[in-house]
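All remarks here apply to the structure that follows.
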Amino acid sequence: MVVLGAGPAGLVLGNILVDRGIDCVVLERAGAARVRTRARAGFLAANTVRILERHGLAEGLRRRGQPHSTCEFRTEDGRFRLDYGALGQREPHTVYPQQDLVSDLLTRFQERGGQIRFGTEAVAVRDVDGERPEVVAREADGRPGLWRARYVAGCDGRHGAARRSLPPGAVRHHRDHGVTWLGLLAEAPPSLDAVGYAVHERGFAGHMARTSEVTRYYLQYERGAPADAWSAERIWDELELRMRAREFGPLRRGRFVQRSVVDLESDVLEPLRHGTLFLVGDAAGLISPSAAKGANLAVLEAAVLADALAADLTAGDPRGLDAYSARCLTHIWRAQEFSHWMIGLLHGPTGADGESLFHNSLRRARLASLRTSRSQQDWFAEHYVGV
Ligand code: FAS
């Protein structure tokens, strides 16, 4: 079994396969230090925690993860909070930085005897319709490499070799939401005890705790502007303006240690299986960070594929592999639908034309329903935490 990519998808898949006695090698183009320190997601759904626990991969998050179950909306009509952990399925998130989870997964994979080749970039996947697909790779020393396996799992993200190697017939559904965020990681304690969503006429601002000393902020941003276009001072002032700091209290400032510009777009590849090649995680579909789903979907899909591969390779039962694509696409599209709804809730056009005014009035009505309707709040909680 060859797995491309050592992110959450590749390492959850690799861990479960090795634990089932299935020979598996992970090809990862980055070095170990980069893999262990790349900051991205941080909110794990309850189902994600259950999957990790089931496979003996939750020790770190059980010790250092923090339960989180409140979000706060700040809008032109005031502020309201939702204790989503007491709504819907009554499940909290667990806040645990993705780099810590990936580091735990990598350590566990190597402890279990898993093979990983750092600095090895997959260039293409060939003969996926045959019995022995081949991965053409550029080895760490620059030499060309060729890896043959019974199956290949493309866990190498949206720009990886797996997507580049899809045969004709693969369909890509794509949507550019027309919104850009400046993603920030601040060396500053959280300013709220909740996930903060600020909806403002100047644009969206978001606040998500990562640890007790690090907070992720998002600022709706001009498309095409470089991440370093604004001074730190100007960013903090704008965050405070949009989060209505004057009314609800100042933000706890600190040094920005990471900036990234994210154009909010989504895509889904269909089907997720092409012969002996399977797409998992961001390689299968990209989802905007508006609803904190990407890493959670990656873990779910990896676990579904691992069970299916184990049934096929150890018991000769191909049914799980035949059902993999349809089964995961159901989860992916439900997550995409909620993420799209969240983007509509948090962003609106700024124009004064009839269309913009109409859209913004819809947005305010949705927020009013969320503020006042218990059934709407249960629906929100179930989809916000669920995967
Ligand atoms: P990943 O991208 O994590 O991993 C792919 C791996 O493949 C990488 O290690 C890469 O180096 C390697 N690779 C790529 N090409 C290769 C090749 N050709 N050969 C070998 N290796 C190759 N999701 C959330 O749920 N919540 C959030 O709050 C959130 N915030 C985010 C913030 C930012 C700034 C970004 C960029 C993403 C965020 N995401 C969030 C989404 C993100 O966490 C992804 O969904 C998650 O990392 C997906 O995991 P993988 O599918 O494993 O892909």
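Please read all numbers here as calculations on a predicted model, not as lab measurements.
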query: Are F338 and W379 an aromatic pair by the rule of ring centers under 6.0 Å?
result: yes
- request: Working to the nearest 0.5 Å, report the span between CG of N15 and CZ of R112.
  value: 5.0 Å
message: Evaluate R36 against T107 for side-chain hydrogen bond (donor to acceptor under 3.5 Å, both in side chains), listing each step before the verdict.
response: CA-CA 10 Å; R36 287 185 183 274; T107 302; 3.1 Å; yes
field: Any side-chain heavy-atom pair of T314 and I22 under 4.5 Å
entry: yes
message: For R244, I'd like to know if atom CZ has over 12 heavy atoms of other residues, nucleotides or ligands within 6.0 Å.
response: yes
query: Taking it one step at a time, do D104 and R64 satisfy salt bridge (charged side-chain N to carboxylate O under 4.0 Å, His left out)?
result: CA-CA 12 Å; D104 297 346; R64 297 189 300 276; 3.5 Å; yes
query: Just how far is it from atom CG of L264 to atom CG of L286, taken to the nearest 0.5 Å?
result: 9.0 Å
- prompt: How about H177 and H347: are their ring centroids closer than 6.0 Å?
  reply: no
message: Tell me whether R158 contacts the main-chain N or O of G285 through its side chain, where contact means a donor paired with an acceptor under 3.5 Å.
response: no
query: Are any of the side-chain heavy atoms of V49 and R62 separated by less than 4.5 Å?
result: yes
statement: By side-chain hydrogen bond (donor to acceptor under 3.5 Å, both in side chains), R172 pairs with (sequence neighbours left out) D267
Side-chain (H207) to main-chain (L192) donor-acceptor, under 3.5 angstrom: yes
field: Single-linkage hydrophobic cluster, 4.5 Å side-chain cutoff, L239 and M208 together
entry: no
message: Keeping D282 on the side-chain end and G294 on the backbone end, is there a donor-acceptor pair under 3.5 Å?
response: no
query: Under 3.5 Å, side chain of Q89 to main-chain N/O of E91, donor-acceptor pair present?
result: no
- prompt: Are the side chain of N296 and the backbone N or O of A45 linked by a donor-acceptor pair below 3.5 Å?
  reply: yes
task: Decide whether I287 and L345 are clustered together by the hydrophobic rule: side chain heavy atoms of Ile, Leu, Val, Met, Phe, Trp, Tyr closer than 4.5 Å, transitively.
output: no
message: Could you check whether any side-chain N or O of D127 sits under 3.5 Å from a backbone N or O of R132, counting only pairs where one atom can act as donor and the other as acceptor?
response: no
- prompt: For E265 and D176, which heavy atoms make the closest approach, and how far apart are they?
  reply: CB-CA, 4.0 Å
- prompt: Counting heavy atoms not belonging to R117, are there more than 12 under 6.0 Å from its CZ?
  reply: no
query: Side chains of I116 and Q110: closer than 4.5 Å at any heavy-atom pair?
result: yes
- line: NZ (K293) and CZ (R334) are apart, to the nearest 0.5 Å, by 9.5 Å
field: Over 12 non-hydrogen atoms of neighbours within 6.0 angstrom of CD in E111
entry: yes
statement: Minimal heavy-atom distance between N360 and P349, with the atoms involved, is ND2-O, 2.7 Å
field: Distance, nearest 0.5 Å, that separates CG of L185 from CZ of R210
entry: 7.0 Å
- request: Quick one: closest heavy-atom pair of R259 and A227, and the distance?
  value: NH1-O, 2.8 Å
field: Considering all heavy atoms, the nearest G60-Y96 contact
entry: C-OH, 3.5 Å
field: Any donor-acceptor N/O pair, T215 side chain to A188 backbone, under 3.5 Å
entry: yes
task: Decide whether S339 and S290 meet the rule of one side-chain donor and one side-chain acceptor closer than 3.5 Å.
output: yes
task: Identify the two heavy atoms, one from L329 and one from L269, that lie closest to each other, and give their separation to 0.1 Å.
output: CD2-O, 3.8 Å
Enclosure of R143 CZ (heavy-atom neighbours >12, cutoff 6.0 Å): no
task: Looking only at non-hydrogen atoms, find the nearest pair between G14 and C24 and report the distance.
output: CA-SG, 3.9 Å
Near-ring test W333/H173, centroid separation under 6.0 angstrom: yes
- prompt: Do R273 and Y324 meet the cation-pi criteria used here (NZ or CZ under 6.0 Å from the six-membered ring centre, within 45° of the axis)?
  reply: no
field: Rounded distance (nearest 0.5 Å) linking atom CD1 of I51 with atom CG of D307
entry: 9.0 Å
task: Tell me yes or no: between the side chains of Y221 and D263, is some donor less than 3.5 Å from an acceptor?
output: no
message: Taking the ring centre of each residue, are Y217 and W236 less than 6.0 Å apart?
response: yes
query: Looking only at side chains, do W230 and E222 share a donor and an acceptor under 3.5 Å apart?
result: no
Trace of the salt bridge (charged side-chain N to carboxylate O under 4.0 Å, His left out) decision for D312 with R319: CA-CA 8 Å; D312 180 83; R319 287 174 300 174; over 6 Å; no
task: With sequence neighbours left out, write down each residue that passes side-chain contact (heavy atoms from CB on, under 4.5 Å) with T37, or none if nothing qualifies.
output: none
Side chain to side chain, V12 and H55, heavy atoms closer than 4.5 Å: no
task: Kindly determine whether D193 and R81 satisfy salt bridge (charged side-chain N to carboxylate O under 4.0 Å, His left out), including the steps that lead there.
output: CA-CA 11 Å; D193 63 347; R81 288 165 75 93; 2.8 Å; yes
- prompt: Under 4.5 Å between any side-chain heavy atoms of Y384 and L82, yes or no?
  reply: no
task: Give a yes or no answer on whether the side chain of T372 reaches the backbone of A368 with a donor-acceptor pair at less than 3.5 Å.
output: yes
- request: Check each of R202, R364, R242 against E76 using the salt bridge (Lys or Arg N to Asp or Glu O under 4.0 Å) test, and report the only one that passes.
  value: R364
query: Are there more than 12 heavy atoms of other residues, nucleotides or ligands under 6.0 Å from atom CD of E53?
result: yes
- request: With the side chain counted from C-beta on, respond yes when R34 and R38 share a heavy-atom pair under 4.5 Å apart, and no when they do not.
  value: yes
M243 side chain near L251 side chain, heavy-atom distance below 4.5 Å: yes
message: How long is the straight-line distance from NE2 of H200 back to CD of E238, given to the nearest 0.5 Å?
response: 7.5 Å
field: Full working for side chain to side chain contact (heavy atoms under 4.5 Å, CB included) between T120 and R138
entry: CA-CA 6 Å; T120 300; R138 190 175 303 111; over 6 Å; no
query: For R74 and Y197, does a side-chain donor sit closer than 3.5 Å to a side-chain acceptor?
result: no
- prompt: Is there a side-chain contact between F73 and L346, using heavy atoms and a 4.5 Å cut-off?
  reply: yes
field: Polar side-chain atom of Y151 near backbone of L313 as donor-acceptor pair, under 3.5 Å
entry: no
- prompt: Would you find a donor on one side and an acceptor on the other, under 3.5 Å apart, between the side chain of D378 and the backbone of G88?
  reply: yes
task: Please work out whether the ring planes of F380 and W341 are parallel, tilted or perpendicular, with thresholds of 30° and 60°.
output: tilted
- request: Output, in order, the C-alpha distance, side-chain angles, deciding distance and verdict of salt bridge (charged side-chain N to carboxylate O under 4.0 Å, His left out) for E240 and R253.
  value: CA-CA 10 Å; E240 290 214 337; R253 300 192 178 203; 3.7 Å; yes
task: Indicate the ring-plane relationship of F43 and H93, choosing parallel, tilted or perpendicular according to the 30° and 60° boundaries.
output: perpendicular
